[in-house]
Amino acid sequence: RTADLTGLPTGIPEALHDEGIEELYPPQAEAVEAGLTDGESLVAAVPTASGKTLIAELAMLSSVARGGKALYIVPLRALASEKKAEFERWEEYGIDVGVSTGNYESTGEWLSSRDIIVATSEKVDSLVRNNAAWMDQLTCVVSDEVHLVDDRNRGPTLEVTLAKLRRLNPNLQTVALSATVGNADVVADWLDAKLVQSDWRPIDLKMGVHYGNAISFDDGSQREVPVGRGERQTPALVADALDGDDDDDQGSSLVFVNSRRNAESAARRMADVTEQYITGDERGELAELAAEIRDISDTETSEDLAKVVAKGAAFHHAGLASEHRTLVEDAFRDRLIKCICATPTLAAGVNTPSRRVVVRDWQRYDGDYGGMKPLDVLEIHQMMGRAGRPGLDPYGEAVLLAKDADSRDELFERYIWADAEDVHSKLAAEPALRTHLLATIASGFAHTREGLLEFLDQTLYAAQTDDPERLGQVTDRVLDYLEINGFVEFEGDSIQATPVGHTVSRLYLDPMSAAEIIDGLEWSAKHRTEKLRALAGETDEESASEREAEPEPDPTAGFQKASEMVSDDGDGDGSDDGDDELEFETDITYPTPLGLYHLVCRTPDMYQLYLKSGDRETYTELCYEREPEFLGRVPSEYEDVAFEDWLSALKTARLLEDWVGEVDEDRITERYGVGPGDIRGKVETAEWLLGAAERLASELDLEAVYAVREAKKRVEYGVREELLDLAGVRGVGRKRARRLFEAGIETRADLREADKAVVLKALRGRRKTAEKILEKAGRQDYSMENVDESDAPDDAVP
Ligand code: ADP
């Protein structure tokens, strides 16, 4: 019984009881018996929805009660705030909760006053690299979804982070939460932890396959769900769950599909089904919800979502804005939305139980695999585990779809009767080791090859491998790479990070990204004059005298920054050797924003956009047109792979160029075939990489630092350069900045002086917004009371 729990802060057992958690679930009880509340390390491998979060909470709270500090590592940024909100209910018992997201370069000293800290593994890794002092005070670390150590991209960071934390503090209690996997015992061995493994679920789960006119379940039962000729299975299953057996039995459905596009189109079809089941009251509430969705942003995705939500359905995928996602999840839990069509991201972590889960697609396109690849058992089981709402449903139903009897049998074999796969470390992959070895050297965890290997010996990789030689070989290759690029130095046996190496590690860059950026910037310094001349439309053959005859650049052309002086000492190499005589002036910034965007887009830290059909031609043409802007040699068309990558980076850079050219988000999503969430993602990554480039440029004393800073600011605000000042005022944003600018209010200073009626009119009559903006711009009398926008001169606001 929760009331009998000991070792927790005062009041918490009673609070749990009041929440309706009177008895521990069996796996939770087993964890407590294993010493969870006494600081014992533990791996809990139990199914979705069987109360893993409470296991984590009991460990963290008892650790805090003993005067310690706990860290909860989440796999996704979106989950960090969700978990923090969940843990904040303990604040009235004196537990302070903090979440650490954002800037990778900070140490988050303010977190030292928190008892429970929530962060992603990337963030924790960067905190370790930046030597956050409070790391030493940690007594308990929880790793949520630890089976993700198997993930090719993100697994190694989690693995190394756990190893480092445990090395910093050998008495650290490690609690790892995992889905049911094949080899949880290996994970437990690695972490020196006890293992709680169970198939127990709070609500029964029936798994089955729909084929023909019925679902066959794993318990041998069948449920008739007829599908009319020419109709599809999914809508029939969704309607069937909503029909229920009596009025109270209306059940919601989660439909899992394999792509965003499919999620959206399936949601449109399901909306026609759910619409028939909503009551008059619900219709009103859904209309309000749809309006709220449209308010969040005016993109096409937002509009599409609002349309289906009005009918009681929704889609959910990583391309959605996070505010949209939260609204959809909440409304689904409140039973207002009856069906969500989602990509598998929803299955990870977010608590959205549903009466029925339909796994429509069990294959997904995989580029490396070269075709449609069946999903892992683990992933399918996680989706299926979302079925069944405790207290609402008699049981949950999870259904796969088959077209014929053979594939029904295959699906039973492949997924329903099958056990989840083992997890395998992905640490030995070179990009992962490159990053983590530099960090391990830079943050002082190891100073010699032997020290590095000893540290690596504490990872899951070492626990799993039967080829200890291999780790040594890759380590040597990686050390070579780091030395050649100037990130580490050898002195006898000792290895040290160079100053640039330290910076790269603190900036949380893949060393390969850093090398690319440094090469690009140094290249641009070397070719500056020649490229500026090309950009000004000149060719090398043109003589200096012809140049002088050209008109001066138009001073009213809208450039505010100081003109750049370009010189050529006339020795024929087009470069400036120092003994210069000024030849001509130009307003062109070099490197150009496109050049810089392309540079950061071709690093391995940026996920590039794919080339679709026709893109190769479009971007090849663009590549030749804008050739002088690229920093570095353009690969020839015969270097197939390299050229293709170059073009993908160009496409991504063009998206950024559109963004800073103030192209509408809608236009951008259409032009590049992405969602609004993707634009945000690219923008945030570019901002981070340009910030890193700025740091590297200043450390290497490169003049490009100014151009980089401006390019970064423009990405941050999504504006042309003349709006940079205005858009920097909190609450303004790219659209409002443009409207203010067009009304003649061009700077922050103008905001302090301007006619309030004009401000109000430019802000479309939004008083609250106008007041907030004026206040942030530093205006004393920011009140909009008694201001009438019709007092603005007619032609003041176009
Ligand atoms: P998991 O993380 O394992 O997927 P959660 O921790 O989100 O599952 O738990 C699912 C739900 O079960 C939550 O709503 C939680 O409040 C509830 N729950 C957890 N433990 C208990 C318990 N002992 N008694 C009643 N409800 C519980």
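Below, all heavy atoms of this structure are taken into account, side chains as well, without hydrogens, waters or symmetry copies. As the structure lists them, so they are numbered: ligands from 1, and atoms in each ligand from 1.
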Below the 3.5 angstrom mark, is there an N/O of [X], backbone or side chain, next to an N/O of ligand 1?
X      : value
Arg386 : no
Gly51  : yes
Lys52  : yes
Tyr25  : yes

Strictly below 4.0 Å, N to O, side chains only: are [X] and [Y] in salt-bridge contact?
X      : Y      : result
Glu30  : Lys194 : no
Arg356 : Asp393 : no
Asp678 : Arg260 : yes

Part of Glu19 with heavy atoms under 4.0 Å of ligand 1, whether side chain, backbone, both or neither: neither
field: Pair Asp125-Arg154, salt bridge (Lys or Arg N to Asp or Glu O under 4.0 Å): steps then yes or no
entry: CA-CA 11 Å; Asp125 187 22; Arg154 312 190 42 213; over 6 Å; no
- prompt: Atoms of ligand 1 less than 4.0 Å from Thr53 heavy atoms?
  reply: 2 (O), 5 (P), 6 (O), 7 (O)
field: Atoms of ligand 1 close to Glu23 [distance to a heavy atom under 4.0 angstrom, numbered from 1]
entry: 22 (C), 23 (N), 24 (N)
field: Where Leu411 and Leu400 come nearest, the two heavy atoms and their spacing
entry: CD1-CB, 4.0 Å
task: Would you indicate which of Pro26, Ala49, Ala56, Gly385 comes nearest to atom 1 (P) of ligand 1 when only heavy atoms are counted?
output: Ala49
field: Gap separating the CG atom of Leu336 from the CD1 atom of Ile278, nearest 0.5 angstrom
entry: 8.5 Å
